[in-house]
Trainee: 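The structure's right below; bear with me while I get my questions together.
All chains are named by letter (A, B, ...) in the order of the sequence lines, taking the proteins before the strands, and each is independently numbered beginning at 1. As the structure is a prediction and not an experimental result, all values here were calculated from the model.
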Amino acid sequence: MTLFYFEGLKIKEKIIESLLALCGGITVLTTLGILIVLLIESVLFFREVSVVEFVTDTQWTPLFADKHFGILPLVTGTLLTSLIAIIVALPIGLSIAVYLNEYAHPKFRLTIKPVLEILAAIPTVVYGFFALTVVTPALQNIFPSMSGFNALSPGLVMGIMIIPLISSLSEDALYAVPKSLREASYGLGSSRFQTSFKVLVPAASSGIIVSVILAISRAFGETMIVAIAAGQEPNLTFNPLVPIETITTYIVQVSMGDVAQGSLEFRTIFAAGMTLFIFTFILNTITARVKKRYYHKYE
Amino acid sequence: MAEKSEVVNFMDYKLTADKVNVWYGNFHALKDISMRIRPNTVTALIGPSGCGKSTFLRLLNRMNDYIEGFRMEGHILIDEKNIYAKRVRVEELRKEVGMVFQKPNPFPKSIYDNVVYGLTIRNVRDKKTLDEACENSLKQAALWDEVKDDLKKSALALSGGQQQRLCIARTLAVKPTIILMDEPASALDPISTAKIEELINELKKYYTIIIVTHNMQQAGRISDRTAFFYLGLLIEYDTTANIFTNPKEEKTQSYITGRFG
């Protein structure tokens, strides 16, 4: 009897184990599936368009009669909006992190952190309309030549959106710096400002870098804000005042349009998707590397 | 050096604590502490955990200021100046009163940058001045010969004992007159401890040293005077020889013979 009971328990354990493994397997399989589809469609695309043309042509006009397949305008569009976003988000996010960590009263810190995280909870479509209807008109007062669709406005708004990502993760990294370093700095007569920026920020640099890379990844992949406010016009430019298009918005544009499935035009979105994937993959790899170094340091 | 006259000349003392009381919230951590310390001496603060010796040490460079609920009454004079006066800038005070902590806490920077940190935050930029300060401080801390060839190496790569001497060098670089040490050798092995003790003996020529220690033998070996704290009270303060061979108070006697604590 006991033996039988034991066997039953073993079978139950096995079932539970398989179920858990299945859950893990689903995510792996999904990722693999996406990768395979991306790869197959990209290969089919690159049979008709050479890789050299794809990376060197300066025009992206797959939907027009005169077809050009140069990804560069989409890449610069993506880089430009992300760059503007990070220029806004890094100083503000880091200042917030330092303030909360070193200056703010603990009670204030506990109230303000959730409030900041609300910024991350606002739907991006709301941000998009905010960029188009509030920020762009306001900026046009400063730059009268600015087009109604442009990279600057969605870039700035995207920057505001990713502030909590940077401030929250950086604050965690600063908080994790051993208290003894803070004491050493104060003991030598440093002010709070000096302690923050000469000791704590460098000591937490790996964590801060990770937060910035995650924020950049988020900006690369952001779709809605740029789709609404940037103009969907592939433009090889670093001028933030004219309309541009990012990789993500191009994909949306084609997916929602009336392009026939299986056509070359349709396959462009997989090639574009592959490009985006390569970018985020590189960023993820860097993150993993930095994290590894980070954990070694305090072991 | 026995005190001959009844008239106290404050000029003779580097540091004077007068009826100092400290509270953390409702907890009365230090009760009516009065103490005088002569320049170029080593004073050991001993007593069981929670007796207030570390609190007292941290009063001297105002490291308790950040603790929530901290309140203090009484006076602490260094070179006849009240360090808790409103106009005192703690940054200046801490230049005068350096501190070495229990666990070595070098910054995750190079050896060189660690030593000159206290100077760079005071906007000393001249390379020659910094180089000299680095060399002199490391020599004084008896670390120069071990690290002179790789000053650019990370301080975290040093051994625990070397790190602690680096922390001492970092403190010396800003040229304090008083050095506070909070159990500086408790995290170190016997050989490193011996080096630190030797160093303290050497440093006393130029600095006034106040050291918290749990190690009775250490207090006996290195200090000129010893103060025994118990439950927030200064039970006895006398020459180290007297405290260890001829204590006046029964509590001191019990503590140093290891009956409690």
Side-chain angles (χ1 to χ4, degrees), chain A residues 94 97-112 170-211 289-299, chain B residues 54 57-58 60-68 88-110 113-123 137 154-157 163-164 166-176 178-182 187:
Chain A
L94 192 57
V98 165
Y99 175 75
L100 289 181
N101 186 60
E102 203 54 30
Y103 291 82
H105 194 272
K107 271 185 199 151
F108 179 74
R109 177 169 165 261
L110 286 178
T111 1
I112 203 74
S170 299
E171 211 266 328
D172 291 346
L174 289 171
Y175 192 77
V177 175
K179 194 172 149 256
S180 61
L181 287 187
R182 209 171 258 132
E183 288 199 318
S185 176
Y186 283 130
L188 287 162
S190 312
S191 63
R192 283 186 164 179
F193 186 81
Q194 288 165 332
T195 302
S196 296
F197 285 98
K198 295 201 162 183
V199 175
L200 301 182
V201 169
S205 59
S206 322
I208 292 169
I209 291 169
V210 168
S211 83
R289 289 258 167 99
V290 176
K291 263 190 183 163
K292 217 164 135 193
R293 224 186 65 196
Y294 179 57
Y295 289 130
H296 276 298
K297 204 157 79 184
Y298 285 118
E299 251 166 28
Chain B
S54 282
L57 189 79
R58 283 159 177 263
L60 307 179
N61 66 344
R62 295 188 53 173
M63 281 300 259
N64 292 331
D65 285 18
Y66 305 111
I67 297 171
E68 230 182 286
V88 170
R89 288 192 61 219
V90 284
E91 288 84 5
E92 291 308 308
L93 168 70
R94 288 175 189 154
K95 183 183 174 299
E96 202 63 25
V97 186
M99 189 163 202
V100 177
F101 297 84
Q102 183 172 4
K103 267 178 53 202
N105 53 359
F107 301 124
K109 301 172 187 283
S110 70
D113 287 342
N114 262 281
V115 179
V116 300
Y117 176 81
L119 299 172
T120 54
I121 59 168
R122 293 182 172 86
N123 292 316
S137 310
S154 167
L156 299 179
Q163 287 188 5
Q164 193 64 306
L166 176 67
C167 292
I168 293 174
R170 184 174 66 182
T171 306
L172 299 179
V174 292
K175 298 203 189 324
I178 297 179
I179 300 172
L180 310 176
M181 297 187 168
D182 192 356

Trainee: Show the nearest heavy-atom pair for residues B:K109 and A:P202, with the distance to one decimal.
Mentor: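 In terms of heavy atoms, the two residues are closest at NZ-CG, 4.3 Å.
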Trainee: Do B:E68 and A:P106 come close enough that some side-chain heavy atom pair is under 4.5 Å?
Mentor: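 Yes, at least one pair of side-chain atoms sits under 4.5 Å.
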Trainee: Has A:Y103 got more than 12 heavy atoms of other residues, nucleotides or ligands less than 6.0 Å from its OH?
Mentor: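 More than 12 heavy atoms, drawn from other residues, nucleotides or ligands, come within 6.0 Å of this atom.
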Trainee: Looking at every heavy atom in both A:A184 and B:F101, which two are closest together, and how far apart are they?
Mentor: CA-CE1, 3.8 Å
Trainee: Could you report the tightest heavy-atom contact between B:T171 and A:L188, atom names first, then the distance?
Mentor: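 Taking B:T171 first and A:L188 second, the nearest heavy atoms are CA-CD2, 4.1 Å.
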Trainee: With chain A, which of B:R89, B:Q102, B:E96, B:R122 has the greatest number of heavy-atom pairs at distances under 4.5 Å?
Mentor: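 Highest number of pairs under 4.5 Å: B:R122.
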Trainee: Less than 4.5 Å to any heavy atom of chain B: does that hold for the side chain of A:R192, its backbone, both, or neither?
Mentor: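 When you check distances to chain B, only side chain atoms of A:R192 fall under 4.5 Å.
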Trainee: Tell me if the CZ atom of A:F193 is crowded by more than 12 foreign heavy atoms within 6.0 Å.
Mentor: no
Trainee: With a 4.5 Å limit on heavy-atom distance, are the side chains of B:I121 and A:S185 in contact?
Mentor: no
Trainee: Salt bridge or not for A:E183 and B:R58, using N-O below 4.0 Å?
Mentor: yes
Trainee: Grab the two heavy atoms, one from A:Q194 and one from B:Y117, that are nearest each other, plus how far apart they are.
Mentor: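 Closest pair (atom of A:Q194, atom of B:Y117, distance): O-OH, 3.9 Å.
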Trainee: What residue in B:M63, B:M99, B:K95 has the most heavy-atom pairs under 4.5 Å with chain A?
Mentor: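 Heavy-atom pair counts peak at B:M63.
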Trainee: Give the minimum heavy-atom separation between A:L181 and B:F107, together with the two atoms involved.
Mentor: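 For A:L181 versus B:F107, the nearest heavy atoms are O-CE2, 3.6 Å.
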Trainee: Is chain A contacted by the side chain of B:P106, its backbone, both, or neither, given a heavy-atom distance below 4.5 Å?
Mentor: backbone
